[in-house]
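One structure is given here, and the rest of the page talks about it.
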2 protein chains.
Amino acid sequence: MSVRRTDQRAAIRRAVSAAQRPLSVQEIFEAAQAEVPGLGLATVYRNLKRLTEEGFLRTVQVPGEAGRYELAGLCHHHHFLCDVCGRMFDIPSCMGGLERMVPAGFLLRRHEVLLYGRCDGCAAQPEGACVGASGLLGSES
Amino acid sequence: MSVRRTDQRAAIRRAVSAAQRPLSVQEIFEAAQAEVPGLGLATVYRNLKRLTEEGFLRTVQVPGEAGRYELAGLCHHHHFLCDVCGRMFDIPSCMGGLERMVPAGFLLRRHEVLLYGRCDGCAAQPEGACVGASGLLGSES
DNA sequence: CGCAGCGTGATAGTCCATTCTCATCTAGCC
DNA sequence: GGCTAGATGAGAATGGACTATCACGCTGCG
């Protein structure tokens with residue numbers, strides 16, 4: 001038979017699909033666990049790996065921390081990482097002209113742009129009063 | 001007394017200074033070991049940490065891998081990571097207009113641009129014939 | 001030169017993210 | 001309902017990067 005439908009996998013797919021931004025494994029774990037109590041972390045890793053291999057998900061590597069996951073097949077975009085809450089957001093636009101930055105003889109294949117700062121929620125907060133990192137799904141903007 | 005001058009530390013400083021690009025710990029280790037045989041990896045870590053705290057070095061975080069080190073105090077620039085040899089190079093220019101990419105309400109503080117592709121040396125090679133990753137210092141361009 | 005103490009080398013240990021193991025469970029086909 | 005292979009959950013195990021430990025060596029001051 002192979003590839004069975006399970007509540008766990010469905011919850012994981014739903015978690016990533018619902019968020020409009022890349023989620024960390026912890027975020028996915030917590031979101032899916034809210035739907036399927038008792039869900040194990042190993043199952044999350046297993047399914048993330050598999051959904052990625054199947055082309056449903058894509059990993060977003062972050063400098064200095066563990067990768068995050070987003071839906072594969074989204075059109076070209078970049079990300080914004082909030083210094084305060086640690087959540088990552090999608091940035092639809094992209095400036096061109098990167099080829100001009102490349103030295104002669106170098107072959108440019110792809111690029112990553114990561115913006116850092118405060119998300120709208122955290123920028124509005126009175127400094128230390130923001131929601132903690134990775135403890136929730138994107139419930140804003 | 002404090003802060004003694006040792007051959008080990010001098011070799012480490014020299015390795016990073018000489019390279020015109022960010023070096024991984026391994027690259028620094030190998031380069032410094034060439035000058036000071038018997039050099040230990042712990043010493044490299046110790047000194048990198050310290051040189052960073054002293055403001056001599058800066059770490060360059062790389063998505064999905066360990067950080068690299070470059071001289072602090074260089075003016076704003078970005079990097080190019082070769083898919084083949086794994087070496088990282090400096091890209092002096094930077095396009096502006098990033099503020100325009102940020103959604104309303106978001107506060108932009110800094111940004112990272114990472115270009116991927118082949119460096120001039122590897123782009124010229126007949127595909128698989130390039131020098132291996134991280135096993136050498138920047139001996140080119 | 002002599003001494004004090006920082007620096008070093010080798011290795012064990014720590015910290016995390018991720019994977020493996022295995023007994024148990026269950027989706028899907030009969 | 002019954003069966004079987006794929007899935008799961010819990011915890012152990014792994015791997016990689018980095019740090020701590022500690023005995024010994026070397027710098028730098030007197």
Side-chain angles (χ1 to χ4, degrees), chain A residues 1-16 22-54 56-70 81 86 88 133-135, chain B residues 1-16 22-54 56-70 81 86 88 133-135:
Chain A
M1 32 186 101
S2 94
V3 187
R4 232 172 246 193
R5 202 207 65 75
T6 66
D7 292 344
Q8 289 86 342
R9 173 164 328 174
I12 290 168
R13 293 179 72 130
R14 222 172 301 127
V16 183
L23 297 183
S24 66
V25 173
Q26 271 308 310
E27 287 176 317
I28 295 169
F29 179 47
E30 289 164 19
Q33 207 168 40
E35 288 191 49
V36 184
L39 175 69
L41 187 54
T43 300
V44 174
Y45 274 109
R46 249 188 312 249
N47 280 294
L48 288 177
K49 183 178 182 182
R50 197 154 152 190
L51 290 168
T52 301
E53 290 169 351
E54 291 170 0
F56 179 73
L57 294 182
R58 208 178 78 76
T59 79
V60 179
Q61 300 282 14
V62 188
E65 44 184 285
R68 310 201 175 198
Y69 292 82
E70 69 178 0
L81 190 52
M88 178 174 272
S134 78
Chain B
M1 32 187 97
S2 92
V3 186
R4 242 170 236 192
R5 203 207 63 77
T6 66
D7 291 344
Q8 289 87 340
R9 170 164 330 178
I12 291 168
R13 293 179 71 129
R14 221 173 299 128
V16 183
L23 297 183
S24 67
V25 173
Q26 272 308 311
E27 287 176 317
I28 295 169
F29 179 47
E30 290 164 20
Q33 206 168 42
E35 289 190 48
V36 183
L39 175 69
L41 187 53
T43 300
V44 174
Y45 276 109
R46 246 188 314 249
N47 280 295
L48 288 178
K49 183 178 180 182
R50 197 154 152 187
L51 289 169
T52 300
E53 291 170 350
E54 291 171 358
F56 180 72
L57 295 182
R58 207 179 77 78
T59 79
V60 179
Q61 299 284 13
V62 188
E65 45 183 284
R68 309 200 176 201
Y69 293 81
E70 69 179 2
L81 190 52
M88 179 174 270
S134 76

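Sequence lines set the chain letters: A, B, ... in the order given, protein chains first and strands last, and positions in each chain run from 1.
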>> Counting only side-chain heavy atoms from C-beta out, which of D/dT8, C/dT18, C/dG9 sits nearest to A/V25?
In response: C/dT18
> Nearest-Å distance, CG (B/D7) to P (D/dG25)?
Replying inline: 16 Å
> Which part of the nucleic acid, if any, lies within contact of A/A66, taking any heavy atom under 4.0 Å across all strands shown: a base, the sugar-phosphate backbone alone, or nothing?
Replying inline: sugar-phosphate
> Closest to the A/R5 side chain: C/dA27, C/dG7, D/dG9?
Replying inline: C/dA27
>> Working to the nearest 0.5 angstrom, can you tell me the gap between A/R13 CZ and A/L57 CG?
In response: 8.0 Å
> If you look at every strand shown and take non-hydrogen atoms under 4.0 Å, does A/L39 touch a base, only sugar-phosphate, or nothing?
Replying inline: sugar-phosphate
> If we only count heavy atoms from C-beta on, is the B/I12 to B/V36 side-chain gap below 4.5 Å?
Replying inline: no
> For the pair made of CG in A/N47 and C1' in C/dT18, what is the distance, rounded to whole Å?
Replying inline: 14 Å
>> I need the minimum non-hydrogen distance between A/I28 and A/Y69, along with the two atoms involved.
In response: CD1-CB, 4.0 Å
> Is B/R46 touching bases, backbone alone, or none of the nucleic acid, heavy atoms closer than 4.0 Å?
Replying inline: base
> For C/dT8, does either OP1 or OP2 sit under 4.0 Å from a side-chain N or O belonging to B/T6?
Replying inline: yes
>> In this structure, how many angstroms lie between the C1' atom of C/dA10 and the CZ atom of B/F29, rounded?
In response: 11 Å
> Can you tell me how far P of D/dA17 sits from OH of B/Y69, to the nearest Å?
Replying inline: 12 Å
> Is the distance from OP1 or OP2 of D/dC26 to the nearest side-chain N or O of B/Q8 less than 4.0 Å?
Replying inline: no
> Considering only side-chain heavy atoms of A/L41, which listed nucleotide, C/dT18, D/dT8, C/dG9, is closest?
Replying inline: C/dT18
> Atom CZ of A/R9 and atom P of C/dT26: how far apart are they, to the nearest Å?
Replying inline: 16 Å
>> Could you report the tightest heavy-atom contact between B/P22 and B/E27, atom names first, then the distance?
In response: O-OE1, 3.9 Å
>> For D/dC18 and B/Y45 - does any side-chain N or O of the residue sit under 4.0 Å from the phosphate oxygens OP1/OP2?
In response: yes
> Out of curiosity, A/R9 CZ to A/L48 CG, how far, rounded to the nearest 0.5 Å?
Replying inline: 10.5 Å
> Between C/dG7 atom C1' and B/E54 atom CD, what is the distance in whole Å?
Replying inline: 13 Å
> Between atom CD in A/E53 and atom C1' in C/dT18, what is the gap in whole Å?
Replying inline: 14 Å
> Tell me: CD of A/Q26 to P of C/dC16, nearest whole Å?
Replying inline: 12 Å
>> Distance criterion of 3.5 Å, no angle test: do you see the side chain of A/R4 paired donor-to-acceptor with the base of C/dT26?
In response: yes
